[in-house]
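Just below is one structure, and these are the notes that go with it.
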Amino acid sequence: MPREARAWPAAQAVSHRDFVGAQARKEAARWMAQEDDSLIREVQEEIRREKLENAWKKYGVLILGAAFAVVLGVGGYKGWQHYERTAAERSGDRYSEAMKLASTGKTAESEKLLAALAKEGRGGYRQLAQMRLAGDLAAAGKTADAVAAFDKVAADGGGDQILRDLARLKAALLRVDAADWTEMQNRLNALNNDKNVWRFSARELLGLAAVKAGKTAEARKLFETLLTDRGTPQAMRQRANMMLAMIGEASPAKPATPPAKAPPPAQPKAK
């Protein structure tokens, strides 16, 4: 056998041993890396566990106290909500009873129940009772007392805003005949905006007050605003058209401009 042929298997054996050795070294390195990672993770977990134990020993009581306070706070809030809801339902039942008594002619009993609700009612029924009593004063001809009662509801910062604005509107309605233009503006300007639910009635009332005060331009602008607002009720839209027509008829016609005088004829020059 030639020498080169005998050397080839030997070379292959050496190459194979080198390959196997290299693979073994790689595998050993990978295994050692895994072991290192595992050891590092164990150390890190031990450190975290020790830190948690130390933190719990130091702050555990505070953590439990905070958690207990949160539970108490949530429970107290839920309990308060239930109490307010139950109280509002009772006030609603009492208000309905007062309305039934009034409808059957039992005015004294109705007013007594409304007076109690006006002091201790919940969920807006206190304001409704106050406004109902104010309306009774107006119906009895006690306008000044009724206005004062409505103004009191409007000034109640703890009350429902919609009901407060309604009370402001009702007080202005009672004052429209006697009040001047400035007072009506002070009472109603806060309602004269595109986001207020009572803006239509406020604008109509302001328009009437402007007509009464001779403020024709202001009145026309207010009634035209009612016509351009898509939310204006149809009946109010018709009244606005009527008022605009009346304002147009009442407006004095502008005097006609007199024609310019012709210049005098030129005089002949004397010779």
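- Residues satisfying the salt bridge (charged side-chain N to carboxylate O under 4.0 Å, His left out) criterion with E120, sequence neighbours excluded, are R94.
- Contact record, R203 with D229: NH1-OD2, 3.4 Å, taken as the closest heavy-atom pair.
- When all heavy atoms of A202 and L188 are compared, the closest pair comes out as O-CD1, 4.0 Å.
- Remark: side-chain polar atoms of N196 are not paired, donor with acceptor, to backbone N or O of N192 under 3.5 angstrom.
- Every pair passing salt bridge (charged side-chain N to carboxylate O under 4.0 Å, His left out) that includes a residue from residues 162-179 is listed here, sequence neighbours excluded: D165-R168, R175-E183.
- With hydrogens and angles ignored, the 3.5 Å screen pairs no side-chain donor or acceptor of S201 with any backbone N or O of W198.
- Between D180 and K215, no side-chain nitrogen of the basic residue sits less than 4.0 Å from a carboxylate oxygen of the acidic one, so the salt-bridge criterion is not met.
- Here the straight-line distance linking atom CZ of F223 with atom CE of M243 works out to 4.0 Å at 0.5 Å rounding.
- Residue pairs meeting the salt bridge (charged side-chain N to carboxylate O under 4.0 Å, His left out) criterion with at least one member in residues 141-161, sequence neighbours excluded, are R126-D156, D151-R187.
- Between G124 and L163, the shortest heavy-atom distance links the atoms O-CD1, 3.7 Å.
- For T232 (side chain) and L226 (main-chain N/O), a donor-acceptor pair under 3.5 Å exists by modelled atom type.
- In plain terms, the two heavy atoms of A118 and L133 that are nearest each other are CB-CD1, 4.1 Å.
- Between Y125 atom OH and R132 atom CZ the span is 14.5 Å, to the nearest 0.5 Å.
- Put simply, L101 and M99 are part of two different groups of oily side chains (I, L, V, M, F, W, Y) that touch within less than 4.5 Å, one to the next.
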